[in-house]
Amino acid sequence: MSDSTASNVESIAQMDQLPHKTGSLQPRAESPLYHADLATLSAHSADAGGVEIKEVKLLGHLVLRGSIEDAEFLSGVKEVLGLDLPGPLQSSLQGEFIAYWVSPNEWLVLVPGQQAFQLERDMRSAMSGNFAIVNVSGGQTVICLSGANAVDVLKKSTPYDVHNKNFPVGKVVTSVFAKTQALIFRSGPESWELIVRRSFSDYVWLWLQDACIEYGLVIKD
Amino acid sequence: MTQKNRIQSGGRVDRARALSFKFNGKSYQGLQGDTVASALLANGVNVVARSFKYSRPRGIISAGAEEPNAVLQMGATEATQVPNVRATQQELFDGLVCNSTNGWPNVDFDVMGIAAKVGGSMLTPGFYYKTFMYPQSMWSTYEKFIRKAAGLGRSPRENDPDSYDHIHQHADVVVVGAGPAGLSAALSAARSGARVIIADEQSEFGGSLLHSRENINGEPAADWVQKAIAELATFPDVMMLPRSTVNGYHDHNFLTIHQRCADHLSDKAPQGQIRQRLHRVRAKWVVLATGAHERPLVFANNDVPGCMLASAVSTYINRYGVVPGKNLVLMTTNDHAYQTALDWADAGRKVVAIVDTRPNPEGDLVEDAKRRGLHIITGSAVIEAHGGKRVNAVSVASINENGESVTGKISRLQCDTLASSGGWSPVVHLSCHTASRPAWNDEAVGFVPGATIQNQLTAGGINASYGLGDCLKEGTAAGNEAAMNAGYDVSATAPELKVEAISEGAPMALFHVPHSRPTSRAPKQFVDFQNDVTAAGIELATREGFESIEHVKRYTAMGFGTDQGKLGNINGMAIAAKSMNKTIPETGTTVYRPNYTPVSFGAIAGRHCKELFDPKRFSAMHKWHSENGALFEDVGQWKRPWYYPKPGESMQDTLDRECKSTRESVGILDASTLGKIDIQGKDAREFLGRVYTNPWAKLAVGKCRYGLMCGEDGMVFDDGVTSCLAENHFLMTTTTGGAAHVLEWLEIYHQTEWPELEVFFNTVTDHWSTMTISGPNSRKLLSEICDDIDLDKDTFRFMDLREGTVADVPARVYRISFTGELSYEINVQANYGLYVWEKLFEHGAKYNLTPYGTETMHVLRAEKGFIIAGQDTDGSLHPYDLGMGWCVSVKKPFSFIGKRGMAREDCVKPNRKQLVGLKTKDPLTVIPEGSQAVLDPTQPIPMTMLGHVTSSYYSANLGHSIAMGLVRGGLDRMGEAVFYPQPDGSVIEAEICSPVFLDPEGERQNV
């Protein structure tokens, strides 16, 4: 069913899920928040406010599953992505790649959308044994939240403690977010990223807009 | 009306900013800085309510959260109505509108007042239980009138226009109360660098210091308060929450704080602002500095307006510049209350007398009063107040040393205000929320916090430490200890605060002032004002055998009001104790529960309302569905298209059309919501064999198989098709509603039972968009936009899967079918879902491609007898009950979940309920789902019921109704008649048949 370059590759169905037509023949891709039309909203959005929101669209989202004690797994990731898989609640960044710890045997790696398939193949070639790589790029999206009041919006949304002392820059948690869940990553002193599931993204978007009203919301495309 | 009781200077009100407000329809003026209560008192309003049971006129009694009488209905419009507003806590704003809640039709003339005069003597404790409960059928009628007359306030009939929300907070130290103890605790904790939250229910921090005349470090106490606030504001990790009541203190040091952000600004919150916010706080350590409530004394007619708490009178004078009367009589059991007489005299009004229940009072304040020539009557008490809507005189008599009897002649003093103080009750409520029982302190004559298992400290009045110096010292120590316990360095010392000590004589333990007549014969002596519970009522309850204080509470309704008995409970317990010849600690207290003061429903709901009440999950094609007229059905949190009516169609018309076009040409269903779980690992296949009832060992790569999942009990809980993508790679599908549970189920078994199996499970439900085209023309349609998969019927066969491109988008196509027709399930990465869906429609017009929703899907699958887990199953059916024994493999080398369960004695006995098809005798009659099956429709009720109808539809394709249902021993009753009696008395007859109504050979899906 699929190309095979190593033994692991044969036993797993890998699939390049992105279309390869170009120009006017290129199929239209719609990110999870496509229909919220942030482009139009951003044109009418205020210039300044306590919170700024932006969707980072169409990235490659790869879930890595494996053991932190499996040297081959770790070195395989390192060889391909150039980064060390982070420990609990940590992240690690290397160029265009970022890896988030999700659970004791689970990481999420964000890469440029077009590279996801090749990186998956390369990683599968670089390791063997008990691991899994799952492409979930269509199933979730990244929402950037920044500004002086971004932290207040998070406090309204998650019971997790987002104070500096408990949540320094670079930390990541997956926790309750309003009535759904989100991966929450602190990318800077006043900037955060939320990774939410596609089917919940409209709910999260509605929730965020509402939570931002009192601080002033700036929408960026 | 002028503010006749406002004094020219003093207090924290802004005399330059007059505010107008309405109370019971009349306009009044108050000042910025007033509460509604202080403004009403400034205007000389005596009566603010009518009492619950006897409809007696009632006035403002306190200046805080403990107020039982001045509980108002607020709101200028219907939509902004707020019940249970304590006038003593509500800040005045311009345009405020409020009304009495008790007292229908009005407080000055009251119909219940007349009824009470007629029936008053029969309104004894337990009256409602004794009288109105019988006949029971009448209770709803009585209740309506009782509730209306009781006036418990009402909620608005229109939507509240304001926003309320929740916020999560975390702190090292939470300080409750910002009086002297709380402020000093917050300061010492903050100086260590700890994260501190300090909350206080009042508009300003300072507590008692806001009306105190004492000095700290030689400066007025209020100046120290300002300095403390300024210092706290310099710490980035200190959060100060005024107007914020800590209403609940829960397990694990979790607190709920109700902040009134805009209640003091206007009737409706300013645009864009939150009206109230509920802080959900997790604290490492908590310092309770909640202070104390003054106790009124219980004497005859102690509810006549003009009878007030001594400290409240001082508060109104010193904080609000309001003297609530002209001539004061003060009754006290302690030194502290002397300050009220001094304040009154300083305001230039007349102190008629200080009546001290102690024979020989001595202390600094007593000496002060003597020096100033105030008339002090010792060893005596006010045994009765006189007046209707306002006190006009009091009866004073000497009493014996333990306060149990009147010993001397009764004399009468003219006055319009009677302040009383029976000492102080520490506010132990929050401490008690944690299930800690309070402990009696004899010396302080009050309950103090008992042992607690939470990380809790206390400081100041809550410990019955009432001296200012003690409060400051305890606060500083508690703040330091809390910060240290939370891991902070508290070695830096702050300068000590200097306070002039005031020497006080011992208070007298008196709760219930004796009368010349026995309690039951004396005029009413109120204990709980809000519920009209009297001393006589409590004595009667104990005489009737209610000896536990919890029973006394429930029998008399003491402490049941919105004030939760803050004022009266300790007095009531003392009276019950005395009447049973027990001590107060032996009698104990009732249980204090959250919330400390009423919380609006808005604050409880927060933003979880309307559109945000529950997440709505959408597929990538949702926009198309709604633009094409779909109505939606909730499946879990998903919004799935239900059916797509065209103009003029009834629901049945639509279903008939959708069903027929699918079977005759081609239909399309958005199946994206079905759960999808990616399974990778060398033991994936073995794992599947253990969680499904059927075998998986031989499923070839590129093939799909249907599977049933059972619990340990052998009962079916989910089903779906799982495909073998590669030797170590499977894609499992689940029901829409069961997806999360199935993933959890797999993880639990993997992590706890079979961790040695090398396999990983990941949800990919949201990653793939799934569209199912079904019907004889589905192959033709697919071939138009898919040129890299050989669709030949013998190459790409039923239950095969292929990878290719559909409309130029890489896709996995599964030839599986839930309709029994030739079907292809197309899966593409969800970012391209709508694009591919639209392409299918571009090419589908010539085949009359018809979108259908869940309802048509249900009909089509029922024509084929396919079950829906959760509709045709209910957790009590194993595969054999469903006639699906073919889906169970007992030969698998390793067992599977449910194998043992479905072999239990009860599961293999004959005559179990089994799933069968049902054909109605009248082909057009559709049996309502849920109808009960009986064999003999003439049997008298209760009839013998054999099962119920689980799925029932009209099938346009077959031209008759079809149904599935459970019938006892049904699989052996094929061809027999069964009857379904209906609520209207009619009976529907049906014949038991195979549930496969259409194409039993399965030819249509194999074309």
Side-chain angles (χ1 to χ4, degrees), chain A residues 1-2 8 10-13 15-21 25-32 34-35 58 61 63 65-66 105-106 129-140 152 155-161 163 165-166 178-180 197-200 202-204 206-207 210-211 213-214, chain B residues 163 165-170 195 237 272-274 280 282 607-608 611-612 614-620 622-623 637-638 672-673 678 680-682 701-702 725-729 758-760 762-769 803 805 807-810 812 828-836 839:
Chain A
M1 276 188 56
S2 53
N8 174 269
E10 282 169 17
S11 60
I12 297 291
M15 177 178 171
D16 185 358
Q17 296 161 5
L18 298 183
H20 288 287
K21 294 275 187 206
L25 293 174
Q26 192 180 6
R28 183 184 76 249
E30 297 185 347
S31 71
Y34 182 88
H35 298 283
L58 307 178
H61 295 234
V63 173
R65 305 290 301 268
N105 63 4
E106 183 175 0
N130 183 27
F131 72 92
I133 304 173
V134 188
N135 187 331
V136 294
S137 310
Q140 48 196 35
D152 298 309
K155 283 169 73 174
K156 289 185 184 184
S157 311
T158 178
Y160 196 81
D161 183 3
H163 187 274
K165 284 180 183 169
N166 186 60
K179 283 190 178 175
T180 177
R197 282 177 69 169
R198 175 178 209 105
S199 57
F200 286 99
D202 286 274
Y203 167 75
V204 170
L206 277 180
W207 175 271
D210 182 82
I213 290 172
E214 64 182 304
Chain B
S163 282
D165 79 359
H166 294 169
I167 196 160
H168 301 274
Q169 307 284 6
H170 300 260
R195 291 164 67 187
D237 285 342
Q273 284 191 37
I274 297 293
R280 301 164 56 86
R282 285 151 180 95
R607 299 307 298 141
H608 300 289
E611 276 301 295
L612 296 169
D614 202 40
K616 289 179 185 143
R617 299 179 70 182
F618 301 117
S619 86
H622 186 81
K623 185 161 175 272
Q637 290 171 317
W638 287 97
S672 307
T673 63
D678 178 280
Q680 294 180 29
K682 76 173 176 57
V701 173
L725 302 173
E727 186 51 33
N728 293 344
H729 195 181
E758 293 190 358
V759 60
F760 288 103
N762 284 283
T763 173
V764 287
T765 303
D766 286 18
H767 173 67
W768 296 102
S769 281
E803 203 174 286
T805 55
D808 298 325
V809 177
R812 283 197 179 122
V828 295
Q829 207 249 41
N831 289 331
Y832 299 94
L834 181 55
Y835 176 81
V836 174
K839 287 286 164 194

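So you know, we letter chains A, B, ... as the sequences are listed, proteins then strands, and number each from 1. For clarity, every value in this text was computed on a predicted model and none was experimentally measured.
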What residue, out of [options], has the most heavy-atom pairs lying under 4.5 Å from chain B?
{"options": "A:L206, A:D210, A:N166, A:D152", "result": "A:D210"}
{"options": "A:E214, A:H61, A:K179", "result": "A:K179"}
{"options": "A:D202, A:V204, A:V136", "result": "A:V136"}
{"options": "A:P19, A:S31, A:S199, A:G139", "result": "A:S199"}
{"options": "A:T180, A:D16, A:T158, A:L58", "result": "A:T158"}

task = Taking A:K156 for its side chain and A:A211 for its backbone only, find out whether a donor-acceptor pair lies under 3.5 Å.
result =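 Answer holds: yes.
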Q. Within the distance-only criterion (no hydrogens, no angle test), does the side chain of B:H729 pair as donor or acceptor with the backbone N or O of B:Q680 below 3.5 angstrom?
A.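 The answer is no, because no donor-acceptor pair under 3.5 Å joins these two groups.
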If I measure from the heavy atoms of chain B, does [X] come under 4.5 Å with its side chain, its backbone, both, or neither?
{"X": "A:N130", "result": "both"}
{"X": "A:Y34", "result": "neither"}
{"X": "A:N135", "result": "both"}
{"X": "A:S137", "result": "both"}
{"X": "A:V63", "result": "side chain"}
{"X": "A:E106", "result": "side chain"}
{"X": "A:L25", "result": "backbone"}
{"X": "A:K21", "result": "side chain"}

What part of [X] is in contact with chain A, defined as an atom under 4.5 angstrom from a non-hydrogen atom: side chain, backbone, both or neither?
{"X": "B:Q273", "value": "neither"}
{"X": "B:V828", "value": "neither"}
{"X": "B:D678", "value": "side chain"}
{"X": "B:K623", "value": "side chain"}
{"X": "B:T763", "value": "both"}

(message) Can you tell me if B:E611 has over 12 outside heavy atoms packed within less than 6.0 Å of its CD?
(response)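 Count not over threshold, so no.
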So which heavy atom on [X] is nearest to which on [Y], and how close?
{"X": "A:R28", "Y": "B:Y835", "value": "N-CD1, 3.4 Å"}
{"X": "B:P615", "Y": "A:Y203", "value": "CA-CD1, 3.4 Å"}
{"X": "B:A807", "Y": "A:P27", "value": "O-CG, 4.1 Å"}
{"X": "B:A726", "Y": "A:A13", "value": "CB-N, 3.5 Å"}
{"X": "B:R607", "Y": "B:L612", "value": "O-CB, 3.3 Å"}
{"X": "B:F760", "Y": "A:F131", "value": "CE1-CA, 3.6 Å"}

Checklist entry - Looking at residues at least two apart in the chain, or sitting in another chain, which of them share a side-chain hydrogen bond (donor to acceptor under 3.5 Å, both in side chains) with A:H163? => result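 With sequence neighbours excluded, A:H163 shows a side-chain hydrogen bond (donor to acceptor under 3.5 Å, both in side chains) to B:D237, given in chain and number order.
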Would you say that B:R282 contacts B:H168 through its side chain, given a criterion of any heavy-atom pair below 4.5 Å between the two side chains?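 Side-chain contact under 4.5 Å: yes.
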Apply salt bridge (charged side-chain N to carboxylate O under 4.0 Å, His left out) to A:R198 and list each qualifying residue two or more places apart in sequence or on a separate chain.
->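 With neighbours one apart ignored, the set is empty.
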Looking at [options], which has the largest count of heavy-atom pairs under 4.5 Å with chain A?
{"options": "B:H166, B:Q829, B:E727, B:H622", "answer": "B:Q829"}
{"options": "B:T805, B:T673, B:V809, B:D808", "answer": "B:D808"}
{"options": "B:T765, B:I167, B:I274", "answer": "B:I167"}

Salt-bridge criterion met for A:D161 and B:R195 (N-O under 4.0 Å):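 Looking at B:R195 together with A:D161, the answer is yes, because their closest N to O distance falls below 4.0 Å.
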